[in-house]
Amino acid sequence: MMLGDPSADDRNLRTGRAPAPFGDSVYDDMHNAVWTGEEPHEQPAFDLASYWRMAIKHRILIIGCFIGALVIGAAITMLMTPIYTAQATLQIDREAARVFTSEDVTPRESMSQGEEFYQTQYGLLRSRSLAERVVEGLGLASSDRALEALGVEAPARTGTAAAQAERRRNLAIATLQANLSVTPVRGSRLVAIGYDNPDPVVAARVANGFAENFIQANLDRKYESSSYAREFLEERIAQTKGRLEEAERQLVAYAANQQIINVGEPSEGGQGAGEAQSLASNNLVALNSSLASARAARVAAEEKWRSARSSQIMTLPEVLQNPSIQRLTEQRAALEAEYQQKASLYQADYPEMQRLRGQISEVDGQIQALAANIRASIQSEYVIAANQERSLQGQVNGLKGDVLDLRDRSIQYNILQRELDTTRTLYEGLLQRYKEVGVTGDITANNISIVDNARPPAGPSKPNLMINLALAALFGIGLGVIAALVLEALDESLATPDDVEKKLGVPVLGVVPLLEKGQTTAAALADIRSGFSEAYYSLRTALQFSTPEGAPASLLVSSARPAEGKSTTAYAVALNLARVGKRVLLIDGDLRNPSMHRVVGVDNDRGMSNLLSGSSDLNTVVQRTRQDNLFFIPCGPLPPNPAELWGSDRFRQFLAEARNNFDHVVVDGPPVLGFADSPLLSATVGGVLFVLESRGTRRGQARGALRRLRVGRARLLGAVLTKFNAKTTTYGGYDYAYDYNYGGDHSPEAKTKKAKKA
């Protein structure tokens, strides 16, 4: 049936489609494009899932490295010579137990210097000098057999005997230092000295030798320090003794010459030690003290007299506090009370009343007389205090001259006295220190002691099979992970949808599984329940959501290179759109190597080359297929210039005409790389579907193809990953295999197998 037959086509015409030129709609579609063609950006966050997928992907390599490292580690461990480790335990104190409270000649360590002290001790344990003492003490370099006991080969017998002995000695020292271990016990003053040797007896012997020689070396250092201190002190004492004798002679001679007489021993620490003990100074100090007391008494008496002279006599504290006046005051009060009591009975001239008045007047007179005497005594005290102060002041003034003269003559005397005191103090200190050093030098107090002697170990410490296997396992896993990372970095293949999205930055619209051996694409597409068909159903659904208007009206299916499933994808997309009632026109756009006519099963005598060259029209080249609503335009005769045909306005006019008669136009385009056809087609159609073969298309090829499409201003809808082997590929941490056979396998092969089993 021809395209213009109303009986077949009118029912499928798209209603509401404007007859506008095809180019306008193309630019509208391109305006809404979301793909920019830029390279994917690396995610800065740590993606644990991606590393897990990488580990699953290269699990064979990682497991192989792991097992290989274990085997090699076990073999090496079995071939190694058993090594025995003997340990002696020492206790190292910062200070030895002190018999005397005096200071030792060695420096004392404070708490802040404790760490430095212990690090120094550990360094001494590892020192060459201690190793030399052990070699000499145990005779480890005395012969070749002694060296063989250490587990080393004796040097060649060349040169003189002295040279051979020196070589053996150096080799023994180096061996001891290499196999010695010094391990502090954390949080304590204990340290373990360990030695490794193939012979457990030799190991224990050398470890004990280090402990004993370390203690002896410490004692030797203490004795040498005491010996040096004694010699130094003896020399200084002799020098100080001579200076002390000379200073005493000079002081005595000067005192006799200047007539300086001291009544007592010189005072310590005072100004003018000799002057403070002279007779004139003592008298002046005593008189000056008395003068200060007299002056204070005079000031107090003067203040008391001034107050008594200016105040009422009966208001003075001395008067009010006087017992006699208080007694008379009480007596007068009693007489006054009696007088007032009888005044209510008698007249004032009554004899009794006159007697009481006389007694009161007599008491008042006595009080006034006592008060006057008290004021007079205050004045007398002031006069006596003033006279005493004047007398003492005169005596002090008289002694000042004598003291000042003595001070002038005592300057040199004080200088000589201070020098004598300093020399005497130094001399006494040196003598005391010399006695202490003499006593402590004979006492071999030590701050290092052996807690546990080394014993021959019962079993070897090296090699440790479990530790070596653990290290080998870690090494194997690390090597496998590094190898996997290197392979992953060098991997250019696109195996999973995740690879496509991460390496290309293109969304994946569908994943088409790899067909089983012997299964054809036609049979797989014919079985609507097969996984192959279900994959293309999913792709059709994804295309429905690729644009706001649904699946694009014109669609180009292309790939980077040939044989990636491009033609099959184009046919399957067109077939699935036709199955849902859409009028679909499938075009074989590969004008260089056409193959779609064989898939559809039609002749290739006329087609797109005739249409684009103007020798045929749309109705002439369109052919019906076995599927309802699916129409096909083959390639036609191969033209000499396909790119020029695709770039002409004839193709735009054809699309505009086809969109008035069909819901969708699907173009099976040629590969992008090497040809200009697909970029030209991508600039004209409404969308591009990019096909990639799983593990077949390289990342560089895909990027180059996408770059060419970007230059052609293509609207890339997404990518389709074909020939995906779900059995050998993992994705997202699980096997990437859509269960398209959820309802059971309905393929003819499965039905045949079921029939045979029945």
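Of all the heavy atoms in Val508 and Pro497, the pair that sits closest is CG2-O, 3.7 Å. The two residues Asn468 and Pro463 come nearest to each other via the heavy atoms ND2-CB, 3.5 Å. Taking each heavy atom of Pro155 and Leu171 in turn, the nearest pair found is CD-CD2, 4.0 Å. Here the closest heavy-atom approach between residue Gly510 and residue Leu539 is recorded as N-CD1, 4.3 Å. Considering all non-hydrogen atoms of both residues, Leu494 and Ala702 come closest at CD1-CB, 3.9 Å. The two atoms that bring Ala69 and Gly476 nearest to each other are CB-CA, 3.5 Å, heavy atoms only.
Phe690 has its side chain within reach of Leu716: a pair of non-hydrogen atoms, C-beta onward, lies under 4.5 Å apart. The closest side-chain heavy-atom distance from Arg561 to Gln701 is below 4.5 Å. The shortest distance between side-chain heavy atoms of Arg205 and Leu138 falls below 4.5 Å. Side-chain contact check for Val511 versus Thr496: every heavy-atom pair is 4.5 Å or farther apart. With contacts defined as side-chain heavy-atom distances shorter than 4.5 Å, the pair Asp93/Arg189 qualifies. Side-chain contact between Phe724 and Val512: absent, with no pair of heavy atoms (C-beta onward) separated by less than 4.5 Å. With contacts defined as side-chain heavy-atom distances shorter than 4.5 Å, the pair Tyr122/Pro184 qualifies. Under the 4.5 Å side-chain criterion, counting only non-hydrogen atoms from C-beta, Val202 is not in contact with Tyr84.
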Show your reasoning for whether side-chain contact (heavy atoms from CB on, under 4.5 Å) applies to Leu180 and Val206.
CA-CA 9 Å; Leu180 177 69; Val206 173; over 6 Å; no
Leu124 and Gln121: CA distance, side-chain angles, deciding distance, side-chain contact (heavy atoms from CB on, under 4.5 Å) verdict
CA-CA 5 Å; Leu124 292 175; Gln121 300 303 313; 4.1 Å; yes
Applying side-chain contact (heavy atoms from CB on, under 4.5 Å), run through Val191 and Val182 and close with a yes or a no.
CA-CA 7 Å; Val191 57; Val182 178; 3.6 Å; yes
Step by step, would you call Leu125 with Ile193 a side-chain contact (heavy atoms from CB on, under 4.5 Å)?
CA-CA 8 Å; Leu125 281 169; Ile193 303 175; 3.6 Å; yes
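A distance of 6.0 Å separates CG of Leu487 from CG of Leu61, quoted to the nearest 0.5 Å. The CD1 atom of Ile83 lies 7.5 Å from the CG atom of Asn179; values are rounded to the nearest 0.5 Å. The distance from atom CD of Glu248 to atom CD of Gln417, rounded to the nearest 0.5 Å, is 9.5 Å. Note that CG of Leu420 is 6.0 Å distant from CG of Leu244, once rounded to the nearest 0.5 Å. Atom CG of Asn208 and atom CG of Asp452 lie 10.5 Å apart (nearest 0.5 Å). For the atom pair CG of Leu431 and NZ of Lys241, the computed distance is 9.0 Å after rounding to the nearest 0.5 Å.
The environment of Lys723 atom NZ is dense: over 12 non-hydrogen atoms of other residues, nucleotides or ligands sit within 6.0 angstrom. Atom CZ of Arg455 is surrounded by 12 or fewer heavy atoms from other residues, nucleotides or ligands within 6.0 Å.
Remark: the Asn170 side chain and the Arg128 side chain contain an N/O donor-acceptor pair separated by less than 3.5 Å. Side-chain polar atoms of Asn218 and Asn447 form a donor-acceptor pair below 3.5 angstrom. Side chains of Ser181 and Thr183: no donor on one and acceptor on the other come within 3.5 Å. For the residue pair Gln216 / Glu212, no side-chain donor-acceptor distance below 3.5 Å is found, with atom types taken as modelled. In the model, Glu428 has no side-chain atom that pairs as donor or acceptor with a side-chain atom of Gln432 under 3.5 Å.
With hydrogens and angles disregarded, a donor-acceptor distance shorter than 3.5 Å links the side chain of Arg703 to the backbone of Lys503. A donor-acceptor pair is defined here as one N or O able to donate and one able to accept, closer than 3.5 Å; no such pair exists between the side chain of Thr240 and the backbone of Ile237.
Exactly one residue among Leu721, Leu514, Thr722 makes a side-chain contact (heavy atoms from CB on, under 4.5 Å) with Glu693. That residue is Thr722.
The pair Arg418-Asp421 does not meet the salt-bridge criterion, since no charged nitrogen lies less than 4.0 angstrom from a carboxylate oxygen. A salt bridge links Arg133 to Asp220: one of the charged nitrogens lies within less than 4.0 Å of a carboxylate oxygen. Checked for salt-bridge contact, Glu132 and Arg169 meet the test: a charged N lies under 4.0 Å from a carboxylate O. Using a 4.0 Å cut-off between charged side-chain N and carboxylate O, Glu246 and Arg243 make no salt bridge.
Taking the side chain to side chain donor-acceptor pair (under 3.5 Å) definition, one finds that Thr89 meets it with nothing, sequence neighbours left out.
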